[in-house]
S.K.: 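One structure follows; several queries about it will come next.
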Amino acid sequence: MTDTRTTAPASVCFPPGFAWGAASAAYQIEGATAEGGRGPSIWDTFAHTPGAILDGDTGDVACDHYHRYREDVALLAGLGLTHYRFSLSWSRLQPGGRGPLNPAGVAFYDRLIDELLSRDVLPWVTLYHWDLPQELEDAGGWPERATAHRFAEYAEAVHARFADRVRSWTTLNEPWCAAYLGYASGVHAPGRREPAAAVRAAHHLLLGHGLAVRAMRARDDSGSFGITVNLYPVDSAGDPPADADADADADADADADADADADAARRIDALMNRQFLDPLLRGCYPADLLGDLAHVTDTGHIEDGDAEVIAQPLDFLGVNYYSRHVVRAGRPDSGASTPWVGSDDVEFVGRGLPATEMGWEIDPDGLHDVLVRIHREYDAPPLYVTENGAAFADEPEPGGQVPDPRRIDYLDRHFRSAARAIADGVDLRGYFVWSLTDNFEWAWGYARRFGLVYIDYPTQRRIPKDSARWLAAVTRRNGLEGVP
């Protein structure tokens with residue numbers, strides 16, 4: 001794998017009209033969980049479960065965006081960002097997950113959207129970023145087919161209310177995480193550890209996406225509709241034997257290990273990437289994935305016509321990228337709850353690269369590889385990087401500035417990787433940095449900081465980090481300067 005910083009980087013220009021944005025999610029920033037008629041979501045319940053979240057943190061207040069949205073929109077505009085990707089809280093708009101929209105919830109998003117437009121920032125709405133209304137979970141959640149239909153009804157109602165000002169609609173954020181972290185490993189809400197339920201949830205999330213796109217297009221097909229998936233290059237840790245003079249038994253053992261590692265990579269790629277790309281862009285699940293999962297559950301939850309619904313034409317595909325997976329074959333750990341359903345014997349291998357505070361190795365080339373793969377292997381719509389960013393232990397200096405040189409280096413390298421993908425023919429239209437502000441980082445609570453803007457949680461003071469000022473310069477020039 002090439003280190004993109006082994007030589008002095010040159011100047012980079014992005015195409016005219018390239019969309020520069022930042023991203024957020026409702027439960028991570030809004031707070032006000034008991035205001036304005038909002039009902040509880042699975043994340044409210046999960047966060048208040050003892051031991052579920054680091055340090056017992058919850059999203060009850062988060063970044064208080066519900067009350068401070070004008071300040072946050074001003075920060076966006078000040079960075080020269082033209083797009084803001086944010087999610088709507090389903091339980092703020094439909095407290096029980098069905099029925100008429102909640103007027104107070106509608107009013108909040110009316111105010112936010114209008115404030116964005118007044119600052120020349122285009123709203124890019126995500127309908128679902130993991131915060132299922134608790135009433136729907138009580139009825140079975142995403143493993144139940146009915147939840148997909150409730151989601152489509154919600155999407156149609158929200159679209160009817162906001163489509164006059166919102167043109168870009170993302171149905172789901174990272175369905176892999178919602179299904180497998182929520183229903184298999186249990187590290188995310190709703191905290192269930194039921195592998196077969198996770199497989200059903202993944203299908204019903206995709207079905208809900210297709211039903212929602214179909215319903216919104218039937219209302220008004222002038223908008224732009226897509227979905228966001230989190231993708232990783234998956235490499236095998238095994239290499240063929242390099243020593244041609246090795247004894248035959250050792251050579252055969254090495255070949256067998258390499259074959260097993262290659263199969264481990266195939267299985268993880270199927271579960272992580274192709275489980276979503278293939279039905280969305282090819283209209284079918286990978287046959288090898290269905291074989292891998294056959295001992296977990298049958299396919300009775302996949303009904304005739306589902307494939308056609310899921311494969312609704314897309315106007316864009318959002319790609320969230322953070323790292324690369326390198327894997328090898330191992331031994332099953334029957335005592336562990338894992339998101340890798342059907343592949344619990346696979347081991348993930350570190351390569352000794354620098355890592356973020358999340359423990360994710362920094363591999364900018366992986367972004368290029370993911371984007372080029374979609375371009376070459378699929379009949380894909382235009383692409384957007386809808387999330388990319390890094391958590392570091394940022395702290396304000398006595399003078400009030402928040403230096404974060406590692407984040408600047410991280411973003412610079414990933415932006416250059418994206419530019420290389422464009423040069424290689426990828427139709428990449430925009431890039432959303434995760435995230436605008438520090439926020440509630442799911443199971444990590446407030447212990448991980450991804451933001452361009454530092455949040456002092458006791459006071460809710462916002463302090464733009466050095467990376468925010470650096471990004472403002474990038475957006476002004478629509479590119480990156482070279483190093484003399």
Side-chain angles (χ1 to χ4, degrees), residues 12 14-26 28-29 63 65 69 71-88 109 112-127 129 162 165-171 173-174 223-230 315-322 367 371 381-390 407-408 410-412 414-415 417-419 421-422 426-439 450-453 462 464-465 467-480:
V12 169
F14 286 84
F18 193 77
W20 290 103
S24 70
Q28 293 183 269
I29 65 168
C63 305
H65 177 74
Y69 69 91
E71 184 178 357
D72 293 340
V73 172
L75 288 167
L76 273 166
L79 297 182
L81 298 174
T82 56
H83 293 66
Y84 179 44
R85 176 178 175 252
F86 63 99
S87 75
L88 307 179
Y109 291 114
L112 174 59
I113 291 166
D114 288 345
E115 187 71 16
L116 288 165
L117 294 173
S118 76
R119 295 276 192 161
D120 296 322
V121 178
L122 294 178
W124 190 292
V125 163
T126 298
L127 287 163
H129 199 130
F162 299 118
R165 288 157 293 158
V166 175
R167 308 309 299 161
S168 298
W169 296 86
T170 301
T171 53
N173 178 76
E174 297 183 349
S224 183
F225 303 98
I227 186 173
T228 282
V229 289
N230 53 315
D315 299 300
F316 66 88
L317 178 69
V319 175
N320 292 357
Y321 172 78
Y322 289 99
L367 175 60
L371 296 173
L383 305 181
Y384 290 80
V385 175
T386 38
E387 279 185 31
N388 174 247
R407 183 171 291 102
I408 292 172
Y410 179 100
L411 291 174
D412 180 90
H414 283 80
F415 289 173
S417 187
I422 294 171
V426 175
D427 185 7
L428 182 67
R429 304 281 183 92
Y431 205 117
F432 293 80
V433 174
W434 184 268
S435 60
L436 175 63
T437 63
D438 296 333
N439 55 41
F450 276 88
L452 297 162
V453 176
R462 273 88 162 126
K465 302 175 187 178
S467 60
R469 285 179 278 275
W470 173 85
L471 180 60
V474 172
T475 63
R476 280 196 303 271
R477 70 172 69 96
N478 195 34
L480 301 159

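Values below: all heavy atoms of this structure, side chains included; hydrogens, waters and symmetry mates excluded.
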S.K.: Does a salt bridge link K465 with D438, judged by any charged N lying under 4.0 Å from a carboxylate O?
M.R.: yes
S.K.: Do you know which two heavy atoms are closest between D315 and P382, and how far apart they sit?
M.R.: O-CD, 3.4 Å
S.K.: If you measure from NE2 on H65 to CD on Q28, what distance do you get to the nearest 0.5 Å?
M.R.: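 If I round to the nearest 0.5 Å, the distance is 12.5 Å.
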S.K.: Can you tell me how far CG of L81 sits from CG of L471, rounded to the nearest 0.5 angstrom?
M.R.: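 One gets 5.5 Å once the value is rounded to the nearest 0.5 Å.
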S.K.: What are the two closest heavy atoms between A468 and L79, and how far apart are they?
M.R.: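 In terms of heavy atoms, the two residues are closest at O-CD2, 3.3 Å.
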S.K.: Are P123 and L117 packed together at the side-chain level, in the sense that at least one heavy-atom pair is separated by less than 4.5 angstrom?
M.R.: yes
S.K.: Would you call N320 and V229 a side-chain contact if the rule is heavy atoms closer than 4.5 Å?
M.R.: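 Contact flag for N320/V229 side chains = no.
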S.K.: Write down the atom of A472, the atom of G78, and the distance for their closest heavy-atom approach.
M.R.: CB-O, 4.3 Å
S.K.: Do I113 and F162 make a side-chain contact, defined as non-hydrogen atoms from C-beta onward lying under 4.5 Å apart?
M.R.: yes
S.K.: So, taking the atom named OH in Y384 and the one named CG in D427, what distance separates them when rounded to the nearest 0.5 Å?
M.R.: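 The CG atom of D427 is 8.5 Å from OH of Y384, to the nearest 0.5 Å.
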S.K.: Do V474 and L480 touch side chain to side chain, with heavy atoms closer than 4.5 Å?
M.R.: yes
S.K.: Please answer whether the main-chain N or O of E115 pairs with a side-chain N or O of S118 as donor and acceptor at a distance below 3.5 Å.
M.R.: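 Confirmed, S118 side chain pairs with E115 backbone.
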S.K.: Verify side-chain contact (heavy atoms from CB on, under 4.5 Å) between V12 and F415, making sure each step is shown before the conclusion.
M.R.: CA-CA 9 Å; V12 169; F415 289 173; over 6 Å; no
S.K.: Please report the shortest heavy-atom distance between S87 and A26, naming the atom on each side.
M.R.: OG-N, 2.7 Å
S.K.: Taking the side chain as every heavy atom from C-beta outward, state whether E387 and R85 have any atom pair closer than 4.5 Å.
M.R.: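 The answer is yes, as the side chains (C-beta and beyond) meet within the 4.5 Å cut-off.
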S.K.: Pairing donors with acceptors under 3.5 angstrom, does anything connect the side chains of N173 and N230?
M.R.: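 There is no such pair between these side chains.
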S.K.: Could you check whether N388 and Y322, counting side-chain N and O atoms only, form a donor-acceptor pair closer than 3.5 Å?
M.R.: no
S.K.: May I have the step-by-step check of side-chain contact (heavy atoms from CB on, under 4.5 Å) for I29 and Y69, ending in yes or no?
M.R.: CA-CA 10 Å; I29 65 168; Y69 69 91; over 6 Å; no
S.K.: Looking at every heavy atom in both F432 and T386, which two are closest together, and how far apart are they?
M.R.: CB-O, 3.4 Å
S.K.: Looking at side-chain heavy atoms only, is the closest gap between V73 and L112 below 4.5 Å?
M.R.: yes
S.K.: With a 3.5 Å cut-off and sequence neighbours excluded, list the donor-acceptor pairs that the side chains of residues 16-24 form with protein atoms.
M.R.:
unit_1	atom_1	unit_2	atom_2	d
W20	NE1	N478	OD1	2.8
S24	OG	Y84	OH	2.6

S.K.: Would you give the length of the straight line joining atom CG of L371 to atom CG of L383, rounded to the nearest 0.5 angstrom?
M.R.: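 Between L371 CG and L383 CG, I get 6.0 Å after rounding to 0.5 Å.
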S.K.: Is there a side-chain contact between V166 and Y109 (heavy atoms, below 4.5 Å)?
M.R.: no
S.K.: Just verifying a value: how many Å separate Y431 OH and H83 NE2, rounded to the nearest 0.5 Å?
M.R.: 16.0 Å
S.K.: Among I227, T171, T228, T170, find the one that has a side-chain contact (heavy atoms from CB on, under 4.5 Å) with T126.
M.R.: T170
S.K.: With side-chain contact (heavy atoms from CB on, under 4.5 Å) as the criterion, how do F86 and L436 come out once you've worked through the C-alpha distance, each side chain's angles and the decisive distance to 0.1 Å?
M.R.: CA-CA 10 Å; F86 63 99; L436 175 63; over 6 Å; no
S.K.: Can you tell me if S435 uses its side chain to pair, donor with acceptor, with the backbone of T437 under 3.5 Å?
M.R.: yes
S.K.: Is the centre of the F316 ring less than 6.0 Å from the centre of the W124 ring?
M.R.: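 Under 6.0 Å, so yes.
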S.K.: Might you point out which heavy atoms bring L411 and G389 nearest each other, and give the distance in Å?
M.R.: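 L411 and G389 have their closest heavy atoms at CD2-CA, 4.5 Å.
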S.K.: Has S467 got a side-chain atom pairing as donor or acceptor with R407's backbone, closer than 3.5 angstrom?
M.R.: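 Not at all, since once roles are kept as given, no pair shorter than 3.5 Å links the two residues.
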S.K.: Should Y321 and W434 be marked as a side-chain contact (heavy atoms from CB on, under 4.5 Å) after you check the CA-CA gap, both sets of side-chain angles, and the distance that decides it?
M.R.: CA-CA 10 Å; Y321 172 78; W434 184 268; over 6 Å; no
S.K.: Suppose we screen for salt bridge (Lys or Arg N to Asp or Glu O under 4.0 Å). Which residues come up paired with D72, at least two apart in sequence or across chains?
M.R.: R462
